[in-house]
Amino acid sequence: MELHDENSFKIRNYQSALNNIDRNDISVIDKNVDQLQSEAGMGKSIAEFVFFLATTGTHPYLEELLAKTPSGILEILEIKGLGPKKVKALWEDLNITSTHELLEACQSGQVAIAKGFGEKTQVSILASLQFREANQGKWLYADIEDMVHELTTNIKGLKGVKDITAVGDFGRKLEIIETVECLVSTENQREAMSEFSGLKNLEQDKKSSSPFKWSGKIIEPQVNLTIHFARPSHFVEEKIVRTGTKAHLLHLAEGEKTMIEVLRENPQITSENEFYKKAGLPWIPEELREGYIEFDLAKAGKIPQLLEDKDLKGILHNHSTYSDGKHTLRQMAEYCKELGYEYLGISDHSRAAFYAGGLEIEKVQKQHLEIDQLNKELAPFRIFKGIESDILTEGSLDYPDEVLAGFDFIVSSIHSNLGMDRKKATSRLLNAIANPYTTILGHPTGRLLLRREGYPIDHKVIIDACAIHNVVIEINANPWRLDLDWRWVNYAMEKGVMLSINPDAHEMEGYADMKYGVIAGRKGGLTKDMTFNARSANEIEKYFQDRKSKIK
Ligand SMILES: [Zn+2]
Ligand SMILES: [Zn+2]
């Protein structure tokens with residue numbers, strides 16, 4: 001509507017209806033026009049529009065707008081930092097109607113000189129376009145996990161299919177997936193493959209398929225899919241070959257032979273256990289087969305000590321309705337208790353994060369009173385008083401010391417002015433780490449996987465400083481973040497830095513993300529004893545108290 005100069009009053013009405021639906025999580029599917037008006041607070045004409053849209057999947061007005069909008073313009077609208085006004089200007093002034101034309105215009109410097117843009121905007125559009133291109137067709141593991149499991153269950157039910165398992169990046173639960181790979185066990189490959197055509201959600205790419213491999217995609221959501229086949233007698237062998245990375249398979253095992261050589265000498269192996277035993281190793285879980293840290297862990301006998309979901313005793317770094325969370329403090333606490341955890345660390349946004357409802361000092365005090373009350377009621381369950389303090393531009397925290405002293409723990413995170421170079425970002429973090437009130441360093445790079453690159457930091461310097469100042473680093477378990485990256489977990493542990501699996505939950509359901517943090521931790525070799533929130537409520541409480549007592 002903004003692109004086509006619709007009445008601004010009308011635009012605002014639609015916008016506020018959308019915000020209302022979003023914010024209050026209103027289901028519009030099963031409501032009639034009257035209910036939409038009364039329960040979702042919509043005006044009559046918008047309620048009618050929504051009802052039509054919800055029942056038919058489209059609307060003549062929407063179709064009319066889409067008909068006069070080039071599809072490339074819709075793609076450009078998805079680019080970060082380009083609102084409808086700017087997109088309209090690109091379209092009208094520079095005649096740009098596709099991301100490809102936009103890329104060319106940036107490269108030739110046309111965008112920089114266009115009215116309302118400038119050099120800096122051009123650089124950031126270019127970076128967004130390149131980032132977007134590099135991430136085309138990629139998915140977060142978490143976003144396709146359930147769908148892939150459903151697919152493999154369906155395939156398992158097909159005629160001639162004896163077994164199926166995920167292999168490749170998905171089998172190793174890598175955070176970003178470009179192609180889902182599966183391995184099917186069958187006596188009759190041809191028969192099994194022909195059965196696939198009965199699966200509705202798959203589309204084969206005949207050109208890249210072969211008699212030995214089904215290649216194509218899942219249609220909704222659109223994910224690349226490759227299915228390999230093996231005879232049952234070679235299924236385990238193939239699974240090992242197709243799951244481990246090159247670095248894993250080429251690792252020198254016992255007797256100066258690589259893993260793959262050991263495997264080829266035992267092609268009809270019947271279990272992974274048996275294979276790893278032949279290689280002089282304990283069984284290595286799939287997610288660890290990166291060729292990264294697994295062999296050191298295996299030799300040191302540490303595989304059984306790796307963190308598991310059940311080891312986590314409490315949940316730190318969560319938001320409530322005090323700032324930008326969806327559920328109240330009480331709901332967050334009661335649900336956490338119900339799930340069997342011993343404690344909840346609440347850490348709403350601090351006052352500088354005004355856009356996220358950051359807490360003014362009076363509101364902090366009010367929250368503390370409510371926590372005291374809930375702690376009496378829910379005992380022995382405990383809520384710890386925390387805050388997610390913004391790290392300000394120069395690296396200081398967001399409240400005066402006397403207020404900071406009132407918290408049990410503080411997660412310090414950067415949320416603003418993200419466009420920093422490595423030197424600036426590192427020094428900003430170093431200042432925050434050196435602040436004695438910082439308990440946990442939150443999402444160290446600020447990255448959002450597939451959406452934006454984090455600011456560049458000197459990981460070693462940051463981790464070393466956390467070791468010196470006794471600061472815990474979080475593995476933010478939100479699948480978009482997974483920050484600290486698992487590739488730095490081992491270095492942190494070597495330096496004696498503990499890691500905390502924090503869901504950064506903004507609603508009760510957010511606790512479920514902890515499992516992605518556990519996967520990331522395990523990939524990096526995280527052990528239970530180096531996991532901060534694998535400690536009991538009593539241990540954590542003592543830790544917070546001891547730490548605070550040392551502040552001069
Ligand atoms: Zn944050
Ligand atoms: Zn947060």
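When a ligand or atom number is given, it counts from 1 through the structure's own listing order.
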If the condition is side-chain contact (heavy atoms from CB on, under 4.5 Å), which residues does Thr393 pass it with, not counting sequence neighbours?
Asn417, Lys424
Describe, in one word, how the ring planes of Tyr335 and Tyr511 are oriented to each other, choosing from parallel (under 30°), tilted (30 to 60°) and perpendicular (over 60°).
parallel
Residue pairs fulfilling salt bridge (charged side-chain N to carboxylate O under 4.0 Å, His left out) with at least one residue in residues 384-393, sequence neighbours excluded
Asp372-Lys385
Got a donor-acceptor contact below 3.5 angstrom from the Asp408 side chain to the Phe384 backbone?
no
Considering the Zn ion (ligand 1), could you give the total of protein N/O/S atoms lying closer than 2.8 Å?
3
Is it the case that atom CD in Glu150 sees more than 12 heavy atoms from other parts of the structure closer than 6.0 Å?
no
Go through the structure and list residues passing salt bridge (Lys or Arg N to Asp or Glu O under 4.0 Å) with Glu133, not counting sequence neighbours.
none
